[in-house]
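Okay, structure first, notes after.
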Amino acid sequence: MAKEARVQQCQHQAVEVDVQCHLHHCCSRLHRRLHRQSRTQSSTWSILEPRVMGLRMILRYTQAFEAAWAAACKVEASTVLIPSELEFVVGPISFSGPYCKPNILFQLDGTILAQTSARVWGSGLLQWLEFTKLTGIAIQGSGVINGRGQEWWTYSDPNDDDDDDAFRVELDKMPQIKPTALRFYGSSNVTVTGITIVNSSQCHLKFDSCQGVMVHDLTISSPENSPNTDGIHLQNSREVNIHHTNMACGDDCVSIQTGCSDINIHNVNCGPGHGISIGGLGRYNTKACVSNVTVRDVNMFKTMNGVRIKTWQGGSGLVQGIRFSNIQVSEVQTPIIIDQFYCDKTTCRNQTSAVAVSGVQYENIRGTFTIKPAHFACSDNSPCSDITLTGIQLKPVIVPQYHLYNPFCWQAFGVLYTPTVPPIACLQIGKPAGNSVLSDGDLC
């Protein structure tokens, strides 16, 4: 087909940008038409090419996604369509604002697969698909984002004693820095619904510095032994609602980090994984603040932890206004945890300061555990205060590789509103001595 004919073909597609057009080199002319006609023509841009292997073709697919986004960015309430029954292998992409029009819909019905060539990732990137500084961005559909994390997981520990030739070859192939599959940064009124995210090399879905987030009817899945594969990671974000979502992964189903407030998580299934965690907070002697978090109506199956708050020694700040309610646990190792001595290695340096924890409600936490029903390890300098326990009914299940322990408390203060099963008699009733919990450095 002659070049002019190919351009005419694109013009007849109602300003729809697709991979076919991009590969025929007519997108640059099409974009000039889009700039003039974006408000009178169709506002849907489609990616229309099935997967073709080879680095050159994959780079062109990545460019085609970027071209479709550049066109949709100019039109308010536009749609980028990833058609069903098609697969696209793409490298890292940033779908960026802040000058995009609001309310763009990313309709994902096909499958997006991460590139596994080391040349694409260079020395390593922190994210694969990233949406930044957007208003009203939505991703919805029945499609799949597949991070193909197996390429990273196989040899993920550079300190492994089995430093054989195969390990060195794999390190040469893939960088040690592993990307999050899907990240939103600095955006407001964000919706993610319906899609499936599988086998991210690290975190599956991350929201950083976002406000007004809605996640529902989502499926996240990676193997139980996949390292650091959090389901949903929240940081510096507020007004977040996560519900009717299924998560199975190798780390926290939901991880809530510093700067988060007004978080509502309900009607989700978690397992396998490490449960739902606030923290770790205060690492490297930093200040951390988390407030107004509700986790309710959650099922957890064979997770390492249930609902957990974890902070590093040496930090400052405050965790307050936390409610865990109607949590059903099944063969969870430790369903209830506050750990102000969190350490992800063999030993950590003892430090006196800590992120304060105050005002934590546990209501109707029921089911079975395999190691310990509750673990409250709080700081001497900053004891946990205002812990309330209501309707706690946890029964042991004997698992051959585990040893059962009684509830543990250290410097944990609060109220037992109803008897617990088993009895958690170690909780100190009332408030810490002097009723002085928070220092000036803890105030948020």
Side-chain angles (χ1 to χ4, degrees), residues 92 114-116 118 121-130 145-162 167 170-171 173-185 196-208 215 218-237 242 245-258 260 268 270-284 286 288 300 302-312 332-334 337 339 342-346 348:
Q115 168 59 278
T116 57
W121 300 103
S123 60
L125 296 173
L126 295 177
Q127 48 270 331
W128 169 34
L129 305 175
E130 182 180 37
I145 294 174
N146 187 341
R148 300 208 283 185
Q150 299 89 333
E151 298 294 328
W152 280 270
W153 302 332
T154 306
Y155 298 102
S156 62
D157 185 4
N159 298 316
D160 197 313
D161 293 333
D162 297 328
F167 174 64
E170 192 70 18
L171 278 183
K173 182 180 179 183
M174 299 304 294
Q176 283 295 301
I177 298 174
K178 298 179 288 186
T180 290
L182 178 59
R183 178 187 186 235
F184 293 85
Y185 172 78
T196 297
I197 309 175
V198 301
N199 295 335
S200 177
S201 62
Q202 192 148 308
C203 179
H204 288 77
L205 176 59
K206 180 180 292 187
F207 298 93
D208 189 352
V215 177
L218 191 73
T219 298
I220 290 174
S221 179
S222 63
E224 182 178 5
N225 62 350
S226 56
N228 304 120
T229 52
D230 293 62
I232 300 175
H233 180 99
L234 307 176
Q235 184 167 333
N236 296 315
S237 294
I242 300 169
T245 289
N246 298 315
M247 290 170 279
C249 55
D251 210 303
D252 295 326
C253 290
V254 181
S255 170
I256 302 169
Q257 300 295 325
T258 186
C260 288
V268 304
C270 169
H274 292 185
I276 295 177
S277 295
I278 297 174
L281 303 174
R283 191 174 191 179
Y284 305 126
T286 57
M300 295 189 177
K302 290 188 175 180
T303 55
M304 180 181 294
N305 314 291
V307 287
R308 174 172 60 161
I309 300 172
K310 54 180 180 177
T311 71
W312 296 82
V332 169
Q333 292 180 24
T334 307
I337 300 178
D339 184 4
Y342 178 70
C343 177
D344 65 351
K345 48 192 175 183
T346 304
C348 292

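Computed from a predicted structure; not experimentally measured.
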Indicate the atoms forming the closest heavy-atom contact of [X] with [Y], along with that distance.
| X | Y | value |
| --- | --- | --- |
| Ile197 | Leu182 | CD1-CD2, 4.1 Å |
| Cys253 | Pro272 | SG-O, 4.4 Å |
| Ala288 | Thr258 | CA-OG1, 3.2 Å |
| Ala248 | Gly271 | CB-O, 3.4 Å |
| Pro179 | Ser201 | O-OG, 2.8 Å |
| Asn228 | Asp251 | CA-OD2, 3.4 Å |

Rounded to the nearest 0.5 Å, how far does [atom2] of [Y] lie from [atom1] of [X]?
| X | Y | atom1 | atom2 | value |
| --- | --- | --- | --- | --- |
| Gln202 | Thr180 | CD | OG1 | 6.0 Å |
| Thr334 | Asp339 | OG1 | CG | 10.5 Å |
| Ile309 | Leu281 | CD1 | CG | 9.0 Å |
| Trp312 | Tyr284 | CH2 | OH | 7.0 Å |
| Cys203 | Gln127 | SG | CD | 10.5 Å |
| Ile276 | Asn305 | CD1 | CG | 11.0 Å |

Take Trp153 and Thr229, measure what side chain to side chain contact (heavy atoms under 4.5 Å, CB included) needs, and give me the verdict at the end.
CA-CA 10 Å; Trp153 302 332; Thr229 52; 3.7 Å; yes

Do [X] and [Y] come within less than 4.5 Å of each other through their side chains, counting heavy atoms only?
| X | Y | result |
| --- | --- | --- |
| Leu126 | Ile177 | yes |
| Thr311 | Tyr342 | no |
| Asp344 | Arg283 | yes |
| Ser226 | Gln150 | no |
| His233 | Leu205 | no |
| Thr303 | Cys270 | yes |
| Cys249 | Ser222 | yes |
| Ile232 | Met247 | yes |

Should we count CD of Gln235 as having more than 12 external heavy atoms under 6.0 Å?
yes

Verdict with supporting geometry, Arg148 and Asn199, side chain to side chain contact (heavy atoms under 4.5 Å, CB included)
CA-CA 5 Å; Arg148 300 208 283 185; Asn199 295 335; 5.9 Å; no

Residues Asp252 and Ser277: side-chain donor-acceptor under 3.5 angstrom:
yes

Can you tell me if Ser255 and Gln257 form a side-chain donor-acceptor pair at under 3.5 Å?
yes

Take the angle between the ring planes of Trp152 and Trp121 and call it parallel below 30°, perpendicular above 60°, tilted in between.
perpendicular

Would you sort out whether His274 and Arg308 count as a side chain to side chain contact (heavy atoms under 4.5 Å, CB included), showing the intermediate values?
CA-CA 9 Å; His274 292 185; Arg308 174 172 60 161; 4.2 Å; yes

Salt-bridge present (Asp208, Arg183; N to O < 4.0 Å):
yes

Test side chain to side chain contact (heavy atoms under 4.5 Å, CB included) applied to Leu129 and Ile145, step by step
CA-CA 9 Å; Leu129 305 175; Ile145 294 174; 4.0 Å; yes

